[in-house]
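What follows is a single structure, written as structure tokens, with notes after it.
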Amino acid sequence: MKIHMSRRVISVFALMMLILTMAALTGCGSRKEEDEESKTFIDVTDDGLVAHFYGNNKGVAGGSGITIGEGQYLSIDNQLKEGGVHVTVTAGGNDVNAAPVKEDHPATIDYTFDGNGGVTDYYEIEPGSYMIGFSVEEKAVGDIYVNVKTEK
């Protein structure tokens with residue numbers, strides 16, 4: 001009888017360990033999905049920045065700064081699948097904490113990109129520091145890349 005009870009205790013313990021292991025693995029899967037959904041809005045890259053839109057609703061906005069050097073131009077690669085995002089490029093600084101005021105510096109680029117996609121190159125922008133602003137006009141899904149490129 002004593003051996004039979006020990007086997008029962010071992011069986012119950014093994015079953016509890018199996019249930020806990022399954023629960024832990026399920027929890028890891030859920031956490032991974034949360035991490036994928038909580039991506040950043042704007043990432044700074046070596047040659048510019050990329051803004052990510054994951055079904056963001058109207059009114060979501062943000063910005064980041066870039067610097068265009070002599071012999072360089074700005075390229076905007078619109079990879080939106082749907083929606084509309086208003087993009088402004090304003091001269092006068094690339095510090096997010098001291099963003100240029102619209103009245104002081106009119107936007108060099110002021111355009112709403114939509115789900116049609118495409119690359120637009122801006123060769124006429126003067127060298128200097130610029131603030132790039134993004135504002136969701138319609139629920140948007142996709143990415144917008146803003147890159148500083150060197151003329152060939």
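When reading the values below, keep in mind they use all heavy atoms of this one structure, side chains included, and skip hydrogens, waters and symmetry mates. Predicted, not measured: the structure shown is a model, and the values here were computed from it. Residues take their numbers from the sequence shown, with the count starting at 1.
To the nearest 0.5 Å, atom OG1 of residue Thr112 and atom CD of residue Glu137 are 5.0 Å apart. In this structure, Asp77 CG and Asn147 CG are separated by 7.5 Å, a value rounded to the nearest 0.5 Å. Between Gln79 atom CD and Asp143 atom CG the span is 6.5 Å, to the nearest 0.5 Å. Ile132 contributes atom CD1, which lies 7.5 Å from atom OG1 of Thr88 (distance to the nearest 0.5 angstrom). We find the NZ-CD distance between Lys139 and Glu82 to be 6.5 Å, quoted to the nearest 0.5 Å. To the nearest 0.5 Å, the span separating OG1 on Thr120 from CZ on Phe113 amounts to 5.0 Å.
Other residues, nucleotides and ligands contribute more than 12 heavy atoms inside 6.0 Å of the OH atom of Tyr122. Residue Glu151 places its CD atom among more than 12 non-hydrogen atoms of other residues, nucleotides or ligands, all under 6.0 Å distant.
Relative ring orientation between His52 and Tyr54 is described as parallel, the plane-to-plane angle staying below 30° on a 0-90° scale split at 30° and 60°.
Evaluation of the ring pair (Phe, Tyr, Trp, His ring centres under 6.0 Å) rule for Tyr73 yields Tyr123 as partners, not counting sequence neighbours.
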task = Check the pair Val85, Ile144 against side-chain contact (heavy atoms from CB on, under 4.5 Å), reporting the backbone distance first and the verdict last.
result = CA-CA 9 Å; Val85 176; Ile144 296 179; 3.9 Å; yes
task = Given side-chain contact (heavy atoms from CB on, under 4.5 Å), test Val44 with Ser64 step by step and report yes or no.
result = CA-CA 8 Å; Val44 177; Ser64 188; 4.0 Å; yes
task = Dump the intermediate steps for side-chain contact (heavy atoms from CB on, under 4.5 Å) on Tyr130 and Thr67, then the final yes or no.
result = CA-CA 6 Å; Tyr130 293 85; Thr67 300; over 6 Å; no
task = Applying side-chain contact (heavy atoms from CB on, under 4.5 Å), run through Asp110 and Val89 and close with a yes or a no.
result = CA-CA 7 Å; Asp110 190 350; Val89 177; over 6 Å; no
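A pairwise comparison of heavy atoms in Glu70 and Pro127 identifies OE1-CG, 3.6 Å as the closest pair. Residues Ala140 and Leu80 come closest through the heavy atom pair CB-CD2, 4.3 Å. Scanning both residues, Asn78 and Asp114, for their nearest heavy atoms gives ND2-O, 2.7 Å.
Linking Ile, Leu, Val, Met, Phe, Trp and Tyr whenever their side-chain heavy atoms come within less than 4.5 Å leaves Val87 and Tyr145 in two separate clusters. Linking Ile, Leu, Val, Met, Phe, Trp and Tyr whenever their side-chain heavy atoms come within less than 4.5 Å leaves Phe53 and Val119 in two separate clusters. Tracing side-chain contacts under 4.5 Å through hydrophobic residues (I, L, V, M, F, W, Y), one reaches Ile42 starting from Val146; they form part of the same cluster. A continuous path of ILVMFWY side-chain contacts below 4.5 Å connects Tyr111 to Ile125, so both sit in one hydrophobic cluster. Cluster annotation: Val141 is not connected to Val136 through the hydrophobic network of ILVMFWY side chains, with a link wherever side-chain heavy atoms come within less than 4.5 Å.
Distance alone, capped at 3.5 Å, places no donor-acceptor pair between the Asp121 side chain and the Ile76 backbone.
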